[in-house]
Amino acid sequence: MSTTRLDIGGMTCTACAARVEKKLNRIEGVEATVNYATERATVHITDGAEADVDVQQLIDVVERTGYTAQVRRPGGSAGQGADHGPHDGDHHGGLHGGLHGVASMRRRLIGSAVLAVPVVLLSMVPALQVDYWQWICLALATPVVAWGAWPFHRSALLNARQGAATMDTLVSVGVSAAYLWSVWALVLGEAGHIGMTMRWTWLAQGSGSHEIYLEVAAAVTVFVLGGHYLEAAAKGRSSAALRALMELQPAVDVGVGEEFTVRPGERIATDGVVVDGESTVDEQMLTGESAPVDKGVGDEVTGATVNVSGRLIVRATAVGDDTRLAQMARLVEEAQEGKAEVQRLADRVSAWFVPGVMVLAVLTFGAWLLLGGSLLQAFTAAVAVLIIACPCALGLATPTALMVGTGRGAQLGILIKGPQVLESTRRIDTVVLDKTGTVTTGVMGVVAVEPAEGVDEHELLHVASTLEHGSEHPVGRAIAGQAEHGTLEQFRNHAGQGVSGVVDGEPARAGRSSWVGQGSRALGGEVGTVVAVEHGGRFLGTITVADTVKDTSAAAIAELRALGLEPVLLTGDNRAVAEDVAAQVGIERVEAEVTPDDKLRTIERLKAEGRVVAMIGDGVNDAAALAASDLGIAMGTGTDVAIAASDLTLVEGDLRKAPEAVRLARATLRTIRRNLFWAFAYNVAAIPLAMSGYLNPMVAGLAMAFSSVFVVGSSLRLRSTRLS
């Protein structure tokens, strides 16, 4: 299955997104998702249909629907397709195209507001109503209705041509009705007479021929434009984290295998490995941690991180879309484009909402006349229904929260693959943790040194370090750096037993106690590998080597427990080692000596017990368990296979990020539920109020604009939510 991403221009509400999605999904072999908040379409084309479906066909379908489409190239730039959309004359797709659209919308908003303010004041304050004031209002309101509201009129016409109605249809019909009524009243009714006055009322009164609604037409246009402008600006801020990731990558032309120099204070051009020099590198943009990391020859560095101190020469290992930064940005973008189940429910509601509102407006108009109301009262109530009904708040409730939540996660070093991940995170009650590389460092280290009686510890470490300096075994490498080396000759590696050689002129051996021929009680020997050391025929003692527990693991486990999650340690190591590690970090339940298949069966058994299971791992042997769990969490320092099989990645490999991820998911879902509640509550309360005639259409327009801004503002609060 191939995937194409399109920037969609001209969408002004979720009904627009639903129409585009429906049209794209009618193409055989195409599965499309259109996100109103991100203004993007993600189109999956099945393998068998690739020959019959091309990108231009997708663009043509979108344009025939009344919108514009551009191919979204890697890095967030727009490519092939039309440049202008029906909404506000600008294409809003892409990270930078959206900024141009916001600026254009601001100009239209300011121009309309300057003209509309005098109209509202003259219409609402009788003391200001000089002779011919109503004609002055007509002169000022006409450009607002014609030019200011043009994006809504144009979109309504395009949709009407397709036999559809959207939020723009409601606004356009409402504004046009108020304006045309006013023109009729001025030209053919009594409103054009000299000395006519009018006052503000919540409920229209009188026969209607002397009442005009120019202030409604002008003010509603300004309110809706203002709502769209604030909404677009807020949406831009909500995707700021993704935009920041995109803009971090330096514009340096480097190919894979080429070497480049990084001076102190410069950003590293692309992913690579250090071939010369030593320095510290600020990786905060990648991991969320402020402390710089030491780098030397052989260490990997990531593009866009900052070289703090020394000079480095780096050989490029990945460029462009293959870099770690690009992969992070792609994961964040894909997560923002996806849809959670709650969002799909809101989309289904919005799809029939606009036509339903049109019917309600007609019924309201008829009901007022049948119940003895005046023509003016019937008209006022119908227009108020058209204007106040806003499915935008429903459509924005989920995606804006997801955009902010996933962006915040990227800043903290937590990569979320999709909105369904957040829903899974909310429900988990059990966390299964792989031991090696997750709870422990995955690197062997010396945990106990026990010299024989009469032997100095330094002598033991000196001989052992010298011998093991020639070894490639992980146990040997752990010992080799413990002391200064002496001279080593005649080094030999004895497979499965140990190593031997001549150290400082005398024969020496290091390895299994049974092979060395000495016995000893080793501190902690039951939870590590014991290396016995002999030099010049003398037994010097033992050194115990084990995989060491990460400094942060115990604190992370405690935080997971505080969140109501039960930790389970899962490892292929022997039970003694596993129980020792579990005791150090505060885990009670241990599943030891398991194969990769056993890990998978353990996850399935826990799920069969009714548990909702998260699995945290980093190796190839964890991949099946990660994929089978309700929520797979991969350590970013682990294998690509494990990361690919997971739902969520902790970039730095710090287990403390796991409870942060849970808190972020829960905070995001709380925000979504709050947004949906207020969006539904707004419409449930506002529409009956408008139908009853107790809302001036101008107040309805203000309330409609506020509802969308409120939802987006609520989502933006996630950026400052504390997660620790």
Side-chain angles (χ1 to χ4, degrees), residues 74-76 95 239-333 335 406-416 437 441-443 550-552 618 634-640 643 648-657 660-661 723:
L95 293 175
S239 60
L242 177 59
R243 186 163 57 249
L245 283 176
M246 297 289 196
E247 293 173 350
L248 278 173
Q249 189 75 54
V252 179
D253 186 13
V254 178
V256 174
E258 294 181 7
E259 295 182 1
F260 58 93
T261 301
V262 189
R263 297 174 179 82
E266 292 182 344
R267 288 195 182 276
I268 296 172
T270 192
D271 295 1
V273 61
V274 178
V275 295
D276 188 33
E278 292 183 350
S279 181
T280 55
V281 175
D282 182 355
E283 297 184 335
Q284 185 170 2
M285 53 72 57
L286 183 72
T287 65
E289 296 297 322
S290 57
V293 180
D294 293 332
K295 298 290 183 180
V297 175
D299 289 335
E300 294 182 350
V301 292
T302 303
T305 55
V306 179
N307 182 23
V308 176
S309 52
R311 176 177 175 271
L312 295 175
I313 297 178
V314 178
R315 180 185 299 115
T317 56
V319 297
D321 295 338
D322 297 325
T323 64
R324 201 172 182 188
L325 178 66
Q327 291 167 359
M328 284 178 63
R330 189 157 53 246
L331 278 173
V332 174
E333 194 170 10
T406 51
R408 178 78 189 283
Q411 290 176 325
L412 295 171
I414 302 166
L415 296 184
I416 302 168
T441 61
V443 178
K550 291 180 180 178
D551 295 337
T552 59
D618 75 325
M635 308 298 277
T637 50
T639 64
D640 291 343
I643 292 172
L648 188 151
T649 302
L650 310 180
V651 175
E652 187 186 10
D654 185 347
L655 196 57
R656 289 176 300 181
K657 295 293 182 182
E660 279 190 20
L723 300 175

Next on the checklist: Could you check whether atom CD of Glu300 has more than 12 heavy atoms from other residues, nucleotides or ligands sitting under 6.0 Å from it?
Outcome noted: no

Checklist outcome for this item: To the nearest 0.5 Å, atom NZ of Lys657 lies from atom CG of Leu415 at 11.0 Å

Checklist entry - Where do Phe260 and Val254 come nearest, in terms of heavy atoms and distance? => result CD2-CG1, 3.8 Å

Next on the checklist: Suppose we screen for salt bridge (Lys or Arg N to Asp or Glu O under 4.0 Å). Which residues come up paired with Glu259, at least two apart in sequence or across chains?
Outcome noted: Arg315

Listing, residues 307-314 side-chain donor-acceptor contacts under 3.5 Å, not counting sequence neighbours, or none:
| from | atom 1 | to | atom 2 | distance (Å) |
| --- | --- | --- | --- | --- |
| Asn307 | OD1 | Ser279 | OG | 2.4 |
| Asn307 | ND2 | Val262 | O | 3.0 |
| Asn307 | ND2 | Arg263 | O | 3.3 |
| Asn307 | ND2 | Gly310 | O | 2.6 |
| Ser309 | OG | Ser279 | OG | 3.2 |
| Ser309 | OG | Thr280 | N | 3.1 |
| Ser309 | OG | Thr280 | OG1 | 3.2 |

Next on the checklist: Quick one, Thr302 with Ile268, criterion side-chain contact (heavy atoms from CB on, under 4.5 Å). Give me CA distance, side-chain angles, the key distance, then yes/no.
Outcome noted: CA-CA 7 Å; Thr302 303; Ile268 296 172; over 6 Å; no

Checklist entry - Checking Thr270 side chain against Ala318 main chain: does a donor-acceptor pair fall under 3.5 Å? => result yes

Checklist entry - Is there a donor-acceptor pair closer than 3.5 Å between any side-chain N or O of Lys550 and the backbone N or O of Asp654? => result no

Item to check | side chain to side chain donor-acceptor pair (under 3.5 Å) partners for Thr317, two or more places apart | outcome: none

Next on the checklist: Restricting to non-hydrogen atoms, name the atom on Leu655 and the atom on Met635 that form the minimum distance, rounded to 0.1 Å.
Outcome noted: N-CE, 4.0 Å

